[in-house]
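Naming: A, B, ... by sequence-line order, numbering from 1 per chain.
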Amino acid sequence: MQRILHWAGQTFSSEASPEEPLYKVLERVGLPAGTEILTATTNGSIHELQAPVGDHVEFQLLGWDSPEGKYVFWHSSAHILAEAILSFFPKAKLSIGPPIENGFYYDIDFGDTPISPEDFERIEQKFLELAAQPEYFVRKKVSKEEALSYYQQRENPYKIELIQELPPDDITFYESGNFVDLCKGPHLWHSGPIRAVKILSLAGAYWRGDSRNPQLTRVYAISFPEKALLEEYLHFLEEAARRDHRNLGKQLDLFSFHEEGPGFPFWHPKGMRLLTALQDWMRAKLLRSGYEEIRTPIILTQRLWEQSGHYENYRENMYFTTIDEEPYAVKPMNCPGSTIIYRSRLRSYRELPLRLFEFGLVHRHELSGVLTGLFRVRAFTQDDAHIYCTPEQIEPEITALLQLVNEVYEAFGFSQREIYLSTRPEKYIGSLELWSQAESALEAALRKSGFTFQINPGEGAFYGPKIDFVVRDSLRRRWQLGTIQLDFSMPRRFGLEYIGPDGQPSTPVMIHRAILGSFERFIGVLLEHTAGELPLWLSPIQVKVLPVSEKFYAYADEVGKALAQAGIRWAVDKTDEKLGKKIREAEQEKVPLIWVVGAKEAESGTVSIRDRRTRTQSEGVPLAQAVQDVLQASQPPI
RNA sequence: GCCAUCGUAGCUCAGUGGUAGAGCACUUCCUUGGUAAGGAAGAGGUCGCCGGUUCGAUCCCGGCCGAUGGCUCCA
């Protein structure tokens, strides 16, 4: 039978019998089987190189560049890692070891002899020795009894549990070297291409992700076909660490965290300048887009949260207090407050859509172990809004919202975006008719706006479908920011109504939406995206004035006054240091514009500008013109 | 909350069973300087908190607090 192979844009063909393994076919036509070519797909599913070709005709051959190649590569690496670990920890019990987005892990019960980071080096060395032999991955079909008795001998309850849940006629072991593991595959033909490995970290992980189960040790690692690729990856990790917003927050004196309030950020003066610049911009933009601003109380009576359903479903994450012997709760969300304003008087259909936004400060009790800088905090300010509209208005509202979201992300240079539409889950409230109307409105709006999006079937909230927005930063990391959620539940729970043209009351649809998500988290993302080099319009200090010596303080103050009058954020450095030192400090502060003033400038009423963004200098710019230039350059995007 | 690792000066970190150090920052003095660190002196720590072992603990042990990496990527 004739087989067709696709590799690197070329097509090859060869005769092969069904029993012949795929790698033999490759070798016959002179392709780099098992070195550059790691695996293959046929009809969209992975076909191992060592597997007989069977009656498949067409094969797409895949290397390191493909997700499937990496998947197989890392899956096999997990086996080698387990083998290497077992050589030092013979009593360790394996559970599962899958490939992940960046590398792979293995969850292992180390019993009484725990692994520590000091063991990493010798395990890595052992790993490379094993991989270099190389080890061939051999698939073996075994009976359920065989499989069970193998792991009963080794007293491994995890594998036994897994086997018991498997169909009896579809259990496979993979052998590689002296190592055997229960595994469905697929794997590399052999370990030869695995030439570099790094054990990254240890973490606790519950067996099957359930906190009632025993906790295993998860060993994270990553492997590569070239040492240079590992180096590159380690550089990426270093760069990510350099951009860590927690470090930048400290270095740039923006915010801090303290034992006195774990998970509650303290905003310093420069951080507040950034936060308010961001909020001012957002506020102006929303007011221009047909929104009205509201503010609702932080503490509200517990009865309200019982009515909204939060008390029942979200109590674990809420803070409670007592006022005049009555139970109250600190708001974890802004929506109930918004509905109170909605129903504060009778509403007409003529008012809809009613768009109310609130920069709402919410408090949520997050588990202590999940707190992470500004990314996961216990108090944050959402750029929240609630749109009350009729079912017919959903589509135009979503269309307008998509445009708004687009403009906002574009303003920060988040040009790579992913959009997800989540549809009706199994458990839902509201009528099927309303759901399908809403889902098709969301989809129609997305299509009309020309955005590419993915559908996550059944992933919507029980109270309505939603759209989620994910951006990629300059290091290509993914961040979920905005969300648009339709809500059929809350308007009913709170008895919201509007009077229609026929004089009869109807229930509005509520759209919850946040674009940045929370200002705190967004600032964290923005700091990592820009490595702290914020755009001029957001910089806490836009211009730093550096007098060459004490003699020019008076002129520096004059310059500062001009900046202040123009509404530009500025600072002057009056430390007793030489100019070089002041420049260095200002550069490390990541100030976009440095204005040097000395004898020449004072005399001629000019400034000498050092621009961080263009790495250029221009001397003798008249003060008035320099101020105008900054004003113009610091205009926020639309 | 659970697991692992960590917690020494404002920051970054070194160090030891016999009550502690560096660089930067800070204060003072000298210096009045032209595009990424001028010089000198000084001040600053109950070595996260509580308890235990010890003649003696920052160091060893336990608990607590906080931080970091993880904890629905399922053979």
Any Y220(A) side-chain N or O less than 4.0 Å from OP1/OP2 of rC71(B): yes
Sugar-phosphate, base or nothing in reach of S608(A), heavy atoms under 4.0 Å: base
Positive for salt bridge (charged side-chain N to carboxylate O under 4.0 Å, His left out) with E528(A), one of R242(A), R477(A), R243(A): R477(A)
Sugar-phosphate only, base, or nothing, as touched by D107(A) at under 4.0 Å among non-hydrogen atoms: nothing
Sugar-phosphate, base or nothing in reach of G103(A), heavy atoms under 4.0 Å: nothing
Test item: H190(A) side-chain N/O and F137(A) main-chain N/O as donor-acceptor pair under 3.5 Å: no
Phosphate-side-chain proximity, K581(A) and rU35(B), N/O vs OP1/OP2 below 4.0 Å: no
rG45(B) and rA14(B), which share atom name C1', separated by this distance in whole Å: 15 Å
Salt bridge D119(A)-R122(A), side-chain N to carboxylate O under 4.0 Å: yes
Sugar-phosphate, base or nothing in reach of E366(A), heavy atoms under 4.0 Å: nothing
P gap between rU72(B) and rG56(B), integer Å: 47 Å
Candidates rU32(B), rA37(B), rG1(B) - which lies nearest the side chain of R584(A): rA37(B)
For rC59(B), the Watson-Crick or wobble partner whose two distances fall under 3.5 Å: none
Touch class at under 4.0 angstrom, heavy-atom based, for D170(A) against every strand present: base
C1'-based separation of rG21(B) from rU35(B) [nearest Å]: 36 Å
Integer angstrom distance from the C1' of rA57(B) to that of rC47(B): 11 Å
Touch class at under 4.0 angstrom, heavy-atom based, for R610(A) against every strand present: base
C1' spacing across the pair rU16(B) / rU31(B), given as an integer number of angstrom: 41 Å
Between rC65(B) (P) and L371(A) (CG): distance, integer Å: 13 Å
Earlier contact from the 5' end, RNA chain B, for K250(A) and I594(A): K250(A)
K198(A) to Y233(A) six-membered ring, cation-pi geometry met (6.0 Å, 45°): no
Distance, rounded to the nearest Å, where D253(A) contributes CG and rU12(B) contributes P: 13 Å
Which nucleotide in rC73(B), rG34(B), rA36(B) has an atom nearest any side-chain atom of L579(A): rG34(B)
N/O (side chain, K578(A)) to phosphate O (OP1/OP2, rG39(B)) under 4.0 Å: no
Sugar-phosphate only, base, or nothing, as touched by G580(A) at under 4.0 Å among non-hydrogen atoms: sugar-phosphate
Salt bridge E165(A)-R208(A), side-chain N to carboxylate O under 4.0 Å: yes
Whole-Å distance separating the CD atom of E601(A) from the P atom of rU35(B): 12 Å
base_contact_polar (rU32(B) base, D576(A) side chain, donor-acceptor, <3.5 Å): no
Watson-Crick or G-U wobble partner of rG23(B), both distances under 3.5 Å: rC11(B)
Distance, C1' atom - from rA41(B) to rC59(B), rounded to whole angstrom: 33 Å
Atom C1', compared across rG48(B) and rU68(B): separation rounded to whole Å: 15 Å
Nucleotide nearest E259(A) when distance is taken to its side chain, options rG66(B), rG1(B), rG33(B): rG66(B)
Sugar-phosphate, base or nothing in reach of P262(A), heavy atoms under 4.0 Å: sugar-phosphate
Pair R218(A) + D107(A): basic N to acidic O under 4.0 Å: yes
Short side-chain N/O contact from R246(A) to OP1 or OP2 of rG69(B), under 4.0 Å: yes
Partner nucleotide of rU28(B) by Watson-Crick or wobble geometry (both distances under 3.5 Å): rA40(B)
Presence of salt bridge, D181(A) and K159(A), under 4.0 angstrom: yes
Between P of rG70(B) and CZ of R376(A), the distance in whole Å: 13 Å
Candidates rG70(B), rU35(B), rG1(B) - which lies nearest the side chain of Q617(A): rU35(B)
Touch class at under 4.0 angstrom, heavy-atom based, for A586(A) against every strand present: nothing
Short N-O contact, K544(A) and E585(A), less than 4.0 angstrom: no
Phosphate contact (rG70(B) OP1 or OP2) by S201(A) side-chain N/O below 4.0 Å: no
Closest-nucleotide ordering on RNA chain B, the 5'-leading residue of A203(A) and D181(A): A203(A)
Check: E48(A) side chain, H187(A) main-chain N or O, donor-acceptor pair, under 3.5 Å: yes
G-U wobble or Watson-Crick pairing nucleotide for rG33(B) (cut-off 3.5 Å, both distances): none
Residue E550(A), side-chain heavy atoms: nucleotide from rA36(B), rU32(B), rG69(B) that is nearest: rU32(B)
Residue S549(A), side-chain atoms from C-beta onward, closest of rU35(B), rG33(B), rC71(B): rG33(B)
rA43(B) to rG7(B) separation - P atoms, rounded to the nearest Å: 28 Å
Nucleotide opposite rU5(B) in a Watson-Crick or G-U pair, distances under 3.5 Å: rA67(B)
Base-pairing assignment for rC47(B) (Watson-Crick or G-U wobble, both under 3.5 Å): none
Separation of atom NZ in K582(A) from atom P in rG34(B), rounded to whole Å: 12 Å
Sugar-phosphate only, base, or nothing, as touched by I96(A) at under 4.0 Å among non-hydrogen atoms: sugar-phosphate
